[in-house]
Engineer: 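Before I ask anything, let me first share the structure, which is written out below as structure tokens.
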Amino acid sequence: YILRNGDFAYNKSYSNGYPYGTVKRLDKFEEGALSSLYICFKVINVDSNYLTFYFDSNKWNREVKLISGEGARNHGLLNLSPVDFFNIKLFISSNNKEQIKIAYFLKLLNRKIKLLSLKIQVLKKYKEGLISRGLKLIIGNNKFVKFKSLFEEYNVKNEEDFLPYTVGKYGLKQIQDFNYSISNHKVFKPNSLLIGLGIEEIAFSTKTTGSVSPVYNVYSLKSCCDDSFVDIFLKPLLWIKKAFITKKSTRREFEIDKKALENMKIPYLNSNEIKYLCYSIKKVDKLIETLMDKKDKLDLCKKYLLEAMFI
């Protein structure tokens with residue numbers, strides 16, 4: 001099928017979050033082509049923008065549900081003919097001016113959400129640039145310090161039942177549901193470095209106190225080192241796995257060679273420019289966090305409005 005700008009298409013494929021498929025309008029291109037599995041249509045006697053938001057809600061799902069029972073599914077597609085689809089009832093406002101006002105308001109909300117998303121993307125790129133600048137300065141300075149001059153091992157059992165955490169690509173993450181003993185976990189406190197065997201298993205705890213599996217190695221930061229430097233720059237500088245994950249173990253295929261890690265030389269620079277970069281990156285992080293919070297609230301507001309504005 002050939003669609004023109006402003007035409008709609010119904011995708012009968014159901015997925016997580018979209019149990020009865022999706023309806024979308026062609027907005028970004030003048031024309032487009034779709035498989036005959038889609039149901040395509042134009043709108044008449046209703047504001048097109050209003051209908052776009054109506055289909056963004058789930059209010060039309062119940063009508064589709066009535067004519068496509070649980071057993072009427074075929075290879076991921078709802079068993080729904082074009083005749084069936086065009087006979088569903090849409091409970092929409094009959095007042096065209098009201099339709100236009102509702103669509104205009106929701107369009108402004110969408111624009112605000114998109115603008116916040118764009119700002120967040122730009123700030124993340126800016127942060128990457130600041131980190132890249134810092135790494136070039138640190139590595140280019142050609143000054144190295146041993147790992148053990150910055151950290152010392154912190155090996156304390158979890159006798160106080162601190163909540164368990166795991167370490168992944170985005171740092172520390174609290175484990176919400178667990179039904180096992182954590183008394184053998186290792187405790188970590190603020191200004192602790194946690195290192196595991198996985199590719200992304202390295203994190204620095206700036207403020208959090210918790211516990212991790214005994215397979216992790218926990219190190220506390222010595223007072224001689226700036227915690228902002230470690231938090232921002234250490235991971236890309238340190239995480240050369242082959243340098244210290246080489247030792248064979250009877251329990252696991254590999255484990256951390258503590259001696260190799262402690263003697264590992266790390267590029268280090270404690271200059272005013274690095275301090276300023278750390279300060280700037282922290283400010284950007286805070287701004288990103290604020291904007292993401294605003295965006296989350298607007299997303300929630302939009303979800304509520306889509307539920308409340310349509311019957």
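None of the values given here were measured: they were computed from a predicted structure. As a basis for the values below, the full set of heavy atoms in this structure was taken, side chains included, without hydrogen atoms, waters or symmetry mates.
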Engineer: Using a strict cut-off of less than 4.0 Å between a Lys/Arg side-chain nitrogen and an Asp/Glu carboxylate oxygen, indicate whether E31 and R4 qualify as a salt bridge.
Structural biologist: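 Salt bridge between E31 and R4, a charged N being under 4.0 Å from a carboxylate O: yes.
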
Engineer: To the closest 0.5 Å, what do you measure between CZ (F204) and OG (S192)?
Structural biologist: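 Interatomic distance, F204 CZ to S192 OG, rounded to 0.5 Å: 7.5 Å.
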
Engineer: Could you check whether any side-chain N or O of K186 sits under 3.5 Å from a backbone N or O of Y216, counting only pairs where one atom can act as donor and the other as acceptor?
Structural biologist: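 Looks like yes, one N/O pair under 3.5 Å.
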
Engineer: Could you check whether atom OH of Y304 has more than 12 heavy atoms from other residues, nucleotides or ligands sitting under 6.0 Å from it?
Structural biologist: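 Count not over threshold, so no.
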
Engineer: Roughly how far apart are L150 CG and L193 CG, rounded to 0.5 Å?
Structural biologist: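 Interatomic distance, L150 CG to L193 CG, rounded to 0.5 Å: 10.0 Å.
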
Engineer: Classify the angle between the aromatic ring planes of F178 and Y180 as parallel (below 30°), tilted (30 to 60°) or perpendicular (above 60°).
Structural biologist: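 Ring orientation of F178 relative to Y180: tilted.
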
Engineer: Within a reach of under 6.0 Å around CZ of F91, are more than 12 heavy atoms found that belong to other residues, nucleotides or ligands?
Structural biologist: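 Count over threshold, so yes.
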
Engineer: Quick check on the hydrophobic clustering: are L106 and L90 connected, directly or via other members, by side-chain heavy-atom contacts under 4.5 Å?
Structural biologist: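 Yes, one cluster joins them.
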
Engineer: I'd like to know whether CZ of F144 has more than 12 heavy-atom contacts from other residues, nucleotides or ligands below 6.0 angstrom.
Structural biologist: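 Yes - once you tally the heavy atoms of other residues, nucleotides and ligands closer than 6.0 Å, there are more than 12.
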
Engineer: Would you sort out whether F41 and F85 count as a ring pair (Phe, Tyr, Trp, His ring centres under 6.0 Å), showing the intermediate values?
Structural biologist: CA-CA 11 Å; F41 59 95; F85 180 73; 5.8 Å; yes

Engineer: Hey, which of N58, L51, T52 is the one that makes side chain to side chain contact (heavy atoms under 4.5 Å, CB included) with F55?
Structural biologist: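 Option passing the side chain to side chain contact (heavy atoms under 4.5 Å, CB included) with F55: L51.
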
Engineer: Taking all atoms of both residues into account, what is the closest heavy-atom pair of V167 and A203, and its distance?
Structural biologist: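 Between these two residues, the closest heavy atoms are CG1-CB, 3.6 Å.
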
Engineer: Working to the nearest 0.5 angstrom, can you tell me the gap between K42 NZ and S48 OG?
Structural biologist: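 It is 10.0 Å, given to the nearest 0.5 Å.
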
Engineer: Taking CD in Q174 as the centre, count heavy atoms belonging to other residues, nucleotides or ligands within less than 6.0 Å. Is the count above 12?
Structural biologist: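 Counting neighbours around CD of Q174, more than 12 heavy atoms of other residues, nucleotides or ligands fall under 6.0 Å, so yes.
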
Engineer: Would the number of heavy atoms belonging to other residues, nucleotides or ligands and lying under 6.0 Å from CZ of F29 be above 12?
Structural biologist: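 Incorrect, the count does not exceed 12.
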
Engineer: Output, in order, the C-alpha distance, side-chain angles, deciding distance and verdict of side-chain contact (heavy atoms from CB on, under 4.5 Å) for Y10 and L80.
Structural biologist: CA-CA 11 Å; Y10 171 47; L80 194 71; 3.5 Å; yes

Engineer: Is atom NZ of K119 surrounded by more than 12 heavy atoms (other residues, nucleotides or ligands) closer than 6.0 Å?
Structural biologist: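 Atom NZ in K119 is not packed in, count stays at 12 or less.
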
Engineer: Flag the pair F162 / F188 as yes when their ring centroid distance falls below 6.0 Å, and as no otherwise.
Structural biologist: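 For F162 and F188, the ring centres are not under 6.0 Å apart.
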
Engineer: Tell me yes or no: between the side chains of K24 and N11, is some donor less than 3.5 Å from an acceptor?
Structural biologist: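 Their side chains do not contain a donor-acceptor pair, so the 3.5 Å distance test is not met.
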
Engineer: Check this for me: does any side-chain nitrogen of one of D299 and K303 sit under 4.0 Å from a carboxylate oxygen of the other?
Structural biologist: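 Salt bridge flag = no for K303 with D299.
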
Engineer: Which atoms form the tightest heavy-atom contact between C278 and F233, and what is the distance?
Structural biologist: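 Distance-wise, the nearest heavy atoms are SG-CE1, 3.7 Å.
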
Engineer: Could you tell me the separation between the CG atom of L123 and the CE atom of M292, rounded to the nearest 0.5 Å?
Structural biologist: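 Result: 11.5 Å between the selected atoms.
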
Engineer: Could you give the distance from CG (D285) to NZ (K124), rounded to the nearest 0.5 Å?
Structural biologist: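 Here the rounded value is 10.0 Å.
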
Engineer: Pair F53, F310 - check ring pair (Phe, Tyr, Trp, His ring centres under 6.0 Å), show working.
Structural biologist: CA-CA 9 Å; F53 288 110; F310 304 111; 8.1 Å; no

Engineer: List the atom of K295, the atom of S117, and the distance in Å for their closest heavy-atom pair.
Structural biologist: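 The answer is CE-OG, 2.8 Å.
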
Engineer: How about NZ on K282, more than 12 heavy atoms from neighbouring residues, nucleotides or ligands closer than 6.0 Å, or not?
Structural biologist: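 Correct, the count exceeds 12.
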
Engineer: Is K258 paired with E153 through a side-chain N to carboxylate O contact shorter than 4.0 Å?
Structural biologist: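 Answer for the salt bridge query: yes.
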
Engineer: Give a yes or no on whether the backbone of I182 and the side-chain of N158 come within a donor-acceptor separation of less than 3.5 Å.
Structural biologist: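 Pair found, side chain donor or acceptor close to backbone of I182.
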
Engineer: Do you see a donor-acceptor pair shorter than 3.5 Å between the side chains of N110 and K302?
Structural biologist: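 N110 vs K302: donor-acceptor pair found between side chains.
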
Engineer: So that I can tick it off, tell me whether R25 and D7 are bridged by a salt bridge, with the cut-off set at under 4.0 angstrom between side-chain N and carboxylate O.
Structural biologist: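 Answer for the salt bridge query: no.
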
Engineer: Okay, side chain of N263, backbone of K259: is any donor-acceptor separation there less than 3.5 Å?
Structural biologist: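 Between the backbone of K259 and the side chain of N263 there is a qualifying donor-acceptor contact (under 3.5 Å).
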
Engineer: Donor-acceptor pair, distance only, cut-off 3.5 Å: does the side chain of N5 make one with the backbone of D27?
Structural biologist: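 Between the backbone of D27 and the side chain of N5 there is a qualifying donor-acceptor contact (under 3.5 Å).
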
Engineer: Looking at every non-hydrogen atom in both residues, tell me the closest pair between A9 and L34 and how far apart they are.
Structural biologist: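 Taking every non-hydrogen atom into account, CB-CD1, 3.4 Å.
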
Engineer: After noting the C-alpha distance and the side-chain angles of L277 and R133, does the key distance pass the side-chain contact (heavy atoms from CB on, under 4.5 Å) rule?
Structural biologist: CA-CA 8 Å; L277 281 172; R133 168 65 179 163; 4.0 Å; yes

Engineer: Hey, could you give me the CG/CG distance between N87 and L66, rounded to the nearest 0.5 Å?
Structural biologist: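 Rounded to the nearest 0.5 Å, the CG-CG separation comes out at 12.5 Å.
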
Engineer: Using modelled atom types only, decide if a donor and an acceptor are shared between the side chain of S280 and the backbone of Y276 within a distance under 3.5 Å.
Structural biologist: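 Yes; judged by distance alone, with no hydrogens or angles, the pair exists.
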
Engineer: Take a 6.0 Å sphere around OH of Y38 and say whether it holds more than 12 heavy atoms from other residues, nucleotides or ligands.
Structural biologist: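 Result for OH/Y38: open.
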
Engineer: So which heavy atom on L26 is nearest to which on L3, and how close?
Structural biologist: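 Looking at all heavy atoms of both residues, the closest pair is CD2-O, 3.7 Å.
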
Engineer: Determine whether the aromatic ring centres of residues F147 and F151 are separated by less than 6.0 angstrom.
Structural biologist: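 Aromatic pair counts; centres sit under 6.0 Å.
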
Engineer: Does Q99 reach the main-chain N or O of S93 with its side chain, forming a donor-acceptor pair under 3.5 Å?
Structural biologist: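 Judged by distance alone, yes, a pair lies under 3.5 Å.
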
Engineer: Identify the heavy atoms of S211 and H185 that sit nearest to each other, and give their distance.
Structural biologist: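 For S211 and H185, the tightest heavy-atom pair comes out as OG-ND1, 3.4 Å.
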
Engineer: Walk me through it: do N191 and D231 pass the test side-chain contact (heavy atoms from CB on, under 4.5 Å)?
Structural biologist: CA-CA 9 Å; N191 289 343; D231 184 28; over 6 Å; no

